[in-house]
Amino acid sequence: MILLLSFLPNNHNSYLALRKTIKESASNFEQADGSKCQITQSLLPTLSFEAVLEVDISGCLKLPLEDAIDYFSNSFPFLRRVKAAYLLNFKMTTLYRLIQKCSLVSEVDITVDVNPLISSQLSVISSSSAVISVAPNRAYFVGDKFSMTSLYHLGPSLSNITKLTLEGRSDVCDSHIQYISKFCASLCYLNLKGCISVTDVCMANLIRRCTKLQSLLVCHTSFGMNSVLALCNASPSFSNSQSAQFGKRPLDSLASNLQLLHMGGCKCADEASLLELLSQTQMLKSLCLRDTNLVDSALCSFSGSLLEVLDVSNTMISGAALHHVVCTNPGLKCLNARGCKNLFQPENTKKEAKISSSYSCEELFIELGRTCRLEEIALGWGLSYFSLQALKPAILSLRVMTVGLGGTLPEDSLRLLPTTCPLLESLVLYFQVISDCMIINILTSLRQLQTLALCYCLGDISVSSFNLSMPNLRILKLERVTPWMTNNDLVLLTRNCANLVELSLLGSKLNSDAQCIISHGWPGLISLHLEDCGEVTENGVSSLFNCIALENLLLRHNGSGIQRNFILEAASKMPMLRQVALDVCDAKEGDFDLPDDADRYSLRSVKIARCKSTRCNVGSHFADTTRKPVHRETLVLVWNSTNVVRTVVKERL
């Protein structure tokens with residue numbers, strides 16, 4: 001109703017009446033039936049705002065979407081872009097309504113958080129789902145309603161959609177994709193990341209129909225051989241036989257028009273299909289093959305020369321194959337090869353890769369330094385002082401740097417980072433040797449630094465590392481590097497890093513007063529992770545509720561005082577909270593109450609880890625033994641627009 005007020009002329013009787021209605025019904029506005037809020041829609045003369053091209057209603061949980069779309073169509077006649085992220089109540093039928101009512105809209109984004117259970121490496125113990133009970137639809141407006149039964153009978157000229165983002169929508173199924181493929185034939189950009197309910201066959205049919213596709217994001221889906229065949233063959237009537245089709249390379253294949261392809265985590269595409277696909281994607285500018293079945297022969301079949309972004313992390317490729325791609329793509333700006341254990345091992349007998357057996361691991365860095373001007377880089381295995389020296393010309397304009405497991409940068413190299421990469425905005429270090437001098441030098445010299453993550457690093461650092469003002473720092477992660485941190489140290493952090501929006505502390509000596517320090521020092525936090533941080537929650541959780549902007553909250557092993565109804569209370573007091581992770585060890589009464597759909601508010605997922613106690617013998621001379629909590633399993637609840645899925649896995653998530 002408040003939105004409706006903005007659409008009405010303020011000198012109209014309806015405007016004055018509506019203001020009076022809102023005042024009278026303010027206390028009852030969000031009650032179950034909403035009967036006091038009924039308004040005759042046809043009697044309201046709304047204004048028209050012809051200059052409005054974009055509407056963003058992300059996170060607006062209380063907005064009745066169907067009625068809002070009706071008013072958007074009347075008041076914004078030239079609307080082109082709609083973003084409605086993190087709204088689980090934005091169903092596919094709502095999307096259909098938007099497509100028909102706002103016929104000029106060309107871009108729609110209805111992203112939600114990706115299901116935390118998408119990894120194929122998880123060991124599922126049990127899983128069950130329940131349909132969400134639908135509450136009676138509150139009639140905010142009384143008038144003619146749109147008939148959904150006619151949707152599937154509308155003409156093919158219905159939609160002007162060219163860019164559609166359905167990221168994280170696990171409730172999207174084949175029937176929805178069939179509708180999109182039929183009525184959104186002009187699609188150029190499609191994001192299906194995390195749409196785990198869509199089959200490979202259905203995606204293949206969509207690809208055949210949407211022949212204008214230039215950007216395709218299908219990470220963590222069933223994208224496999226059928227979809228690859230659809231991309232590699234321009235004819236919509238070819239056979240589904242993989243063996244019959246691989247090897248045929250039509251000049252007008254759909255793959256040859258792709259400029260962006262992200263298929264990270266898609267294990268359904270085998271080595272042969274990846275080889276065929278990459279051999280036909282010569283126009284690609286952005287390619288993500290993270291955590292796939294990628295091998296040297298497939299990567300070396302890539303014939304493109306326009307790549308700007310390449311992600312091959314957690315694959316089995318060698319440095320020689322990556323060197324081959326770097327040589328032919330001098331415009332490369334972003335490279336992620338973290339987790340590639342074979343990157344700097346000698347090439348074996350891979351004759352099909354057509355690369356020199358005399359390859360040296362340093363040649364990759366020399367070639368990168370010679371031909372590329374990188375803005376982002378993430379490396380692990382093989383990264384050393386000498387390779388960083390070879391990279392110098394390529395990283396003068398570097399903005400983002402991640403050093404992962406296997407990378408060994410000595411302190412001298414890290415100390416030289418401010419002169420080597422003077423424009424650095426993000427620095428993430430895993431398993432590196434660090435010191436106070438090095439940290440102080442980085443924080444003093446890199447004044448544009450916005451993200452600093454020190455995770456599982458070795459060496460001695462103290463609070464003096466952070467005893468300087470860092471007003472630009474927005475994200476700070478200190479994981480297993482500050483076991484000495486106390487409340488006084490935390491106060492110092494709030495003063496020197498006053499503008500943080502994300503904080504992660506793993507391993508410290510805080511007590512319950514830390515909650516007040518955090519909520520007063522960083523009231524605008526959107527992400528907070530506290531684990532093994534002393535006794536932060538020993539007396540329950542109270543002050544943290546003042547961090548009302550939180551979207552992601554993790555509290556584990558910080559003291560067994562968290563109240564049983566904590567999840568329900570957090571969801572109601574933190575209206576933006578979408579993800580919660582806890583541990584039963586911290587539950588005051590040994591367990592937590594779980595929300596149902598009526599009281600989950602913005603919650604998308606809840607993860608509750610459970611530990612088991614194991615005995616640690618300290619010697620035969622002692623009669624007693626100590627007990628140490630060891631992870632046992634994790635309960636994960638994930639909501640979408642139609643149901644809630646309850647899964648128990650062995651891994652700690």
Side-chain angles (χ1 to χ4, degrees), residues 121 228 261-267 269-282 284 286-305 307-372 374 376-391 394-395 401-409 430-431:
Q121 307 298 323
V228 171
L261 175 61
H262 289 189
M263 49 178 293
C266 294
K267 297 287 190 179
D270 61 13
E271 298 174 9
S273 57
L274 286 176
L275 188 150
E276 185 71 19
L277 178 60
L278 292 180
S279 68
Q280 298 190 36
T281 51
Q282 60 269 20
L284 277 180
S286 181
L287 175 62
C288 175
L289 297 167
R290 179 190 68 252
D291 198 24
T292 61
N293 297 313
L294 182 67
V295 293
D296 281 6
S297 57
L299 186 58
C300 287
S301 70
F302 179 68
S303 57
S305 59
L307 270 185
E308 297 178 1
V309 178
L310 177 61
D311 185 348
V312 290
S313 55
N314 297 323
T315 60
M316 300 302 292
I317 64 163
S318 70
L322 186 55
H323 176 268
H324 169 77
V325 174
V326 170
C327 287
T328 56
N329 290 270
L332 196 64
K333 296 179 181 178
C334 305
L335 173 63
N336 188 345
R338 190 176 156 204
C340 297
K341 296 181 179 180
N342 295 340
L343 201 59
F344 297 99
Q345 293 182 0
E347 183 70 5
N348 296 322
T349 58
K350 299 182 180 179
K351 297 180 181 179
E352 69 277 12
K354 298 180 182 179
I355 50 183
S356 173
S357 60
S358 61
Y359 168 81
S360 168
C361 65
E362 295 300 321
E363 290 181 27
L364 171 62
F365 292 110
I366 294 173
E367 187 63 31
L368 280 168
R370 186 179 67 85
T371 63
C372 299
L374 296 173
E376 299 182 19
I377 191 169
L379 290 170
W381 299 97
L383 186 62
S384 65
Y385 171 80
F386 299 104
S387 52
L388 192 63
Q389 291 297 108
L391 272 175
I395 58 178
M401 183 177 191
T402 300
V403 181
L405 179 64
T408 53
L409 291 182
Y430 288 89
F431 302 103

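Heavy atoms only: backbone and side chains are in, while hydrogens, waters and symmetry mates are out. Along the sequence shown, the residues carry numbers beginning at 1.
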Not counting sequence neighbours, which residues clear side-chain hydrogen bond (donor to acceptor under 3.5 Å, both in side chains) with E367? List them please.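 For E367, the residues satisfying side-chain hydrogen bond (donor to acceptor under 3.5 Å, both in side chains) (neighbours in sequence not counted) are R370.
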List the residues meeting side-chain hydrogen bond (donor to acceptor under 3.5 Å, both in side chains) with D311, not counting sequence neighbours, and say none if there are none.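 Result, side-chain hydrogen bond (donor to acceptor under 3.5 Å, both in side chains) vs D311: S313.
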Please determine whether side chain to side chain contact (heavy atoms under 4.5 Å, CB included) holds for the pair S384 and S387, giving the CA-CA distance in whole Å, both sets of side-chain angles, and the decisive distance to 0.1 Å. CA-CA 5 Å; S384 65; S387 52; 3.3 Å; yes
Do the side chains of [Y] and [X] get nearer than 4.5 Å, heavy atoms only?
| X | Y | result |
| --- | --- | --- |
| L310 | N329 | no |
| L388 | I395 | yes |
| T315 | L299 | no |
| V312 | V325 | no |
| L383 | F365 | yes |
| S286 | E308 | no |
| R338 | T402 | yes |
| D296 | H324 | no |

Taking every non-hydrogen atom, the tightest pair across [X] and [Y]:
| X | Y | answer |
| --- | --- | --- |
| K341 | W381 | CG-NE1, 3.6 Å |
| M263 | T292 | O-CG2, 3.4 Å |
| G369 | A394 | CA-CB, 3.7 Å |
| A298 | E271 | CB-O, 4.3 Å |
| M316 | N342 | CE-ND2, 3.0 Å |
| C372 | V326 | SG-CG1, 4.1 Å |

If you round to the nearest 0.5 Å, how far is [atom2] of [Y] from [atom1] of [X]?
| X | Y | atom1 | atom2 | answer |
| --- | --- | --- | --- | --- |
| E363 | L368 | CD | CG | 12.0 Å |
| I377 | L391 | CD1 | CG | 5.0 Å |
| L277 | F302 | CG | CZ | 10.0 Å |
| N314 | L294 | CG | CG | 11.5 Å |
| L289 | H262 | CG | NE2 | 9.0 Å |
| L284 | Q282 | CG | CD | 8.5 Å |

Give a yes or no answer on whether the side chain of N293 reaches the backbone of V295 with a donor-acceptor pair at less than 3.5 Å.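 Here the side-chain-to-backbone pair does not exist.
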